[in-house]
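Residue numbers begin at 1 in each chain, while the letters A, B, ... track the order of the sequences.
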There are 4 protein chains.
Amino acid sequence: MKECVFVITNDNDKSASKRDLRREQLLAIAVERFAKHGYHNTKISDIVADAGVAQGTFYWYFKSKEAIGLEIIRSGRERLLQVIAKGYRSQSGSVSEMVEGSQRLLKDIFQFADENRYFMELLLTGGEDESIRRASKETRIDMEEAFRRNIERATELGMLPGSMNLHMRAALLVSLIEGVIARWLFGPIHPNSDLARLTAEELAAETVRFEFFGLLGI
Amino acid sequence: MKECVFVITNDNDKSASKRDLRREQLLAIAVERFAKHGYHNTKISDIVADAGVAQGTFYWYFKSKEAIGLEIIRSGRERLLQVIAKGYRSQSGSVSEMVEGSQRLLKDIFQFADENRYFMELLLTGGEDESIRRASKETRIDMEEAFRRNIERATELGMLPGSMNLHMRAALLVSLIEGVIARWLFGPIHPNSDLARLTAEELAAETVRFEFFGLLGI
Amino acid sequence: MKECVFVITNDNDKSASKRDLRREQLLAIAVERFAKHGYHNTKISDIVADAGVAQGTFYWYFKSKEAIGLEIIRSGRERLLQVIAKGYRSQSGSVSEMVEGSQRLLKDIFQFADENRYFMELLLTGGEDESIRRASKETRIDMEEAFRRNIERATELGMLPGSMNLHMRAALLVSLIEGVIARWLFGPIHPNSDLARLTAEELAAETVRFEFFGLLGI
Amino acid sequence: MKECVFVITNDNDKSASKRDLRREQLLAIAVERFAKHGYHNTKISDIVADAGVAQGTFYWYFKSKEAIGLEIIRSGRERLLQVIAKGYRSQSGSVSEMVEGSQRLLKDIFQFADENRYFMELLLTGGEDESIRRASKETRIDMEEAFRRNIERATELGMLPGSMNLHMRAALLVSLIEGVIARWLFGPIHPNSDLARLTAEELAAETVRFEFFGLLGI
DNA sequence: AATGAATGAGGATTCATTCAT
DNA sequence: CATGAATGAATCCTCATTCAT
């Protein structure tokens, strides 16, 4: 029987009822197993065994296996988009200020990914069930859209050159972020690479450098 | 019953026997279904129905479902690495020569991806079965390693600054490439984005610009 | 949450306690659902949801699902047999008196069926659970027996010819009654038939005519 | 393992393939168990155990449990309606000819019922699953409709008085037939009644007498 | 080479019933 | 009296794989 380690829902009210706790526990176990072994390779019987409850108990909290999968994506999506929303650019500034701001945002995202690695893994690599696949895609599109708006704003403020397609830039940027997170947290990663040992802060620094200056950059 | 459209294996011998053709056909159907619906959501009965043969016939050509999955990855991997190998840098040159070379390599990779979109989708998003997951990872690590050597060589030749971690650069570069391919060919992609309408050549141009100069670049 | 509409038990004592009311309510909901959807398709959770109480509450009033089924049959049986008992023939009379008496009895039975349609449906079409099936059968045998005695008495009084097997006559008569009730209240009924729109009285008149005179009758 | 006793489908072609035989066998076992124990109390595992095959084999022949239930009704319905269709009145005649014709029809129906008692039981008492319930109802309506047309024709030919509602007559007639069959073959039946021991012919004679002359009849 | 019937372990889901509070 | 969370046996159905023909 496993304790509840990863709290998934946004529980602002202090009095987490016993019911809520059990729900969180099942969610946490499910997201971990889905990420580690895949959705189809995770049996409800595995989840309940981990939680130390009977098979039927699962269905007191979730309508179906698909439902818990969607719930995981939904809840993670909300919190991920919140993190990104906080990093929105609002005012003009120097290049170094912009780089700094970007780095702070990336660090927040990487930290979130680290704290929610199983969700992140599910989001980035999962999607065996059609509906979960779709929900993941939507979340990733939302993320890209958030970055697109951010870049758009910076371009309007004259902080970025307007010569490149906005969508393209956003796509490239999010590719960078997703790829870095995936390699940092759950491979594929070259055995000799020490990328996995970096902190969120260090990772953000490296990434932001590439983001703004490319391979030729400083 | 479906015709064999996507030839997967490297068929050098001219006289493709009837047996080989059937094998190719099954592989082509399988890779498409695996990519479109996922490994677990693809039943052997689906594959054989598409091919217009009986259930048992499948097992005359492949040992098991896992085997056909691995075969798909194996064959795609070989051909993908060949494409990358051809683009290897060997001699020094100007920045614009380097950019040009890179762009040519990217174009080749994108073209390969376009011609093998189902394999690519399986490689980048698949991995429900443990052994296929591993095979995909290894292929992607190989790809990263190839790029790492390329960057290393360019750094030794003084064409790139040595200030950045090699593995990090390779990871960022491959993230870029993988993300762009995924968005170009099979989403997740923003509905308003016209990325999907670009040619391999145009995509390579955009990508290489970001690769070398970042968001601030020309 | 549903109000208690159909009172099922013979409540002679004036002061129906709160407890009795709840019991009646559960019985009423159960008999309706059993009739409409079948015994197996009715979940305890459906019944309690309709009643607006918790799952466990059901078991404070009834030992089990089977028990409530049997209770429904038992209580209905008592009241149905009472109705029939009141119509018993005791004295001789003319043919038209006999027809009149029969018609009155049928009208009473049809009225009872109308007021207890769900019980009637359960009695005539239900019987998925072995013990309920048995209880229903016994009730219907009792009904047949009551009619057999009635016919026997009329035959002894010389009001009916003795040329036909008594059991056969009773069987045919009860078949008629059961079939008519079923079609009148809950089908199977031909869409164009206006049988369902008849009153109990009209239905009794038509039925009694056939009962005594057959297709060739007046 | 049980042999196939009751052939359910209309197999006119001599060469019943092995596949057809297995299908018939499963149908026969299913209809018997559905009739004896009810639809919900019959497990697929019971059926296949009786047939001596593996669980999965069932699903090679039938899509689902519901499907086999519907197939049973569908096939029985066809054959039952054929029997009735053969008894259609076409020409005028004397009363005794009419009675004779009716008796012959009833005998055929009773014989069919005897030879297909499990189907009959399912048709008349079954219907736990919603779709099977509906299919049964439709069949019984068809039967009623067939008799209605028969009565209509006889009335047009002046062989029956026109004073009674057609639908009502048909309903009463079919009630009679259904009730008699039910009591004859599978109760509810009074223990002292010797109805169950009658032959189809005798039963038809008794029933037809009541049909035309009622209780007061000859 | 090919067929297609047969296998059977496995897994999701249901639901009557129990019980601590 | 009432709650509602928990139980777990039961059952339908899936599908990769085998094998006689």
Side-chain angles (χ1 to χ4, degrees), chain A residues 17-23 40-48 51-68, chain B residues 17-19 22-23 39-49 51-69 129, chain C residues 17-19 22-23 39-49 51-69 129, chain D residues 17-23 40-48 51-68:
Chain A
S17 67
K18 222 171 160 186
R19 180 183 168 93
D20 287 342
L21 282 176
R22 171 82 0 128
R23 200 182 143 84
H40 276 117
N41 296 317
T42 298
K43 293 170 272 175
I44 300 298
S45 62
D46 291 336
I47 297 176
V48 295
V53 296
Q55 191 94 343
T57 302
F58 176 89
Y59 291 90
W60 181 257
Y61 293 95
F62 301 97
K63 204 180 144 297
S64 63
K65 187 180 177 181
E66 190 189 7
I68 199 177
Chain B
S17 67
K18 218 173 152 189
R19 177 178 170 87
R22 172 96 333 148
R23 197 181 146 84
Y39 179 80
H40 276 117
N41 295 318
T42 297
K43 293 174 271 178
I44 301 298
S45 62
D46 291 335
I47 298 175
V48 295
V53 297
Q55 192 94 334
T57 304
F58 176 89
Y59 289 88
W60 203 91
Y61 292 94
F62 301 97
K63 199 179 148 295
S64 65
K65 188 181 180 182
E66 191 189 6
I68 198 176
D129 192 69
Chain C
S17 66
K18 218 174 156 191
R19 175 179 170 87
R22 172 98 331 151
R23 196 181 148 85
Y39 179 80
H40 275 117
N41 295 317
T42 298
K43 294 173 271 178
I44 301 298
S45 63
D46 291 334
I47 298 175
V48 295
V53 296
Q55 191 95 334
T57 304
F58 177 90
Y59 289 89
W60 202 93
Y61 291 96
F62 301 97
K63 199 179 148 296
S64 65
K65 187 180 180 182
E66 191 188 5
I68 198 176
D129 192 70
Chain D
S17 67
K18 222 171 159 186
R19 179 181 169 94
D20 287 341
L21 283 175
R22 172 82 358 127
R23 200 182 143 83
H40 276 118
N41 295 317
T42 298
K43 293 168 272 174
I44 300 297
S45 64
D46 292 335
I47 297 175
V48 295
V53 295
Q55 191 94 343
T57 302
F58 177 88
Y59 292 91
W60 181 258
Y61 293 95
F62 301 98
K63 205 181 144 297
S64 65
K65 188 180 177 183
E66 190 189 6
I68 199 176

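- Look at C:Y59 and you won't find any side-chain N or O under 4.0 angstrom from OP1 or OP2 of F:dT3.
- Rounded to whole Å, the distance from CD on D:E66 to P on F:dT11 is 18 Å.
- A pairwise comparison of heavy atoms in A:T42 and A:K65 identifies O-NZ, 2.8 Å as the closest pair.
- Rounded to the nearest 0.5 angstrom, A:F58 CZ and A:S45 OG are separated by 11.0 Å.
- Taking both residues in full, the closest heavy atoms of D:W60 and D:R19 are given as NE1-NH1, 2.9 Å, listed atom of the first, atom of the second, then distance.
- Where D:G56 and A:G56 meet DNA chain E, the nucleotide closest to each residue was compared, and D:G56 sits on the side nearer the 5' end.
- Checking F:dC13, F:dA16, F:dG4 against the side-chain heavy atoms of B:K65 singles out F:dA16 as nearest.
- Taken from CD1 in D:I47 to CZ in D:F62, the straight-line distance is 9.0 Å, to the nearest 0.5 Å.
- Remark: P of E:dC15 and NZ of C:K43 are 4 Å apart, rounded to the nearest angstrom.
- If you check F:dT17, F:dT7, E:dT7 against the side chain of D:V53, the one that comes closest is E:dT7.
- Contact annotation: A:Y61 side-chain N/O to F:dA6 OP1/OP2 distance is under 4.0 Å.
- Taking 4.5 Å as the limit, some side-chain heavy atom of B:Y59 sits within range of a side-chain heavy atom of B:I44.
- Phosphate contact (OP1/OP2 of F:dT3, side-chain N/O of C:T57, threshold under 4.0 Å): present.
- Rounded to whole Å, atom C1' of F:dC12 lies 19 Å from atom CH2 of D:W60.
- Rounded to whole Å, atom P of E:dG4 lies 14 Å from atom NZ of D:K18.
- Atom-to-atom, CD1 of B:I44 to P of F:dA16 comes out at 5 Å; the value is rounded to the nearest Å.
- Secondary-structure stems of DNA chain F, taken as three or more successive Watson-Crick or G-U wobble pairs (i with j, i+1 with j-1) under a 3.5 Å distance threshold, comprise E:2-21 with F:2-21.
- Remark: A:R19 is not in phosphate contact with F:dG4, judged by side-chain N or O atoms under 4.0 Å from OP1 or OP2.
- Taking atom CZ of residue A:F58 and atom C1' of nucleotide F:dA5, one finds them 16 Å apart after rounding to whole Å.
- For the pair D:F62 CZ and F:dT14 C1', the interatomic distance rounds to 18 Å; values are reported in whole Å.
- Residues meeting the side chain to side chain contact (heavy atoms under 4.5 Å, CB included) test with B:A67, sequence neighbours left out: B:K63, B:S64.
- The nearest heavy atom of DNA chain F to D:K63 and to C:A54 marks one nucleotide each, and the one closer to the 5' end goes with C:A54.
- One cannot find a donor-acceptor pair under 3.5 Å joining the base of F:dT3 and the side-chain atoms of C:Q55.
- Along DNA chain F, the nucleotide nearest D:S45 and the nucleotide nearest B:S64 are compared for position; the residue whose nucleotide lies closer to the 5' end is D:S45.
- At least one side-chain nitrogen or oxygen of A:R22 sits closer than 4.0 Å to the OP1 or OP2 atom of F:dA6.
- Residue A:D46 contributes atom CG, which lies 12 Å from atom C1' of E:dG10 at whole-angstrom precision.
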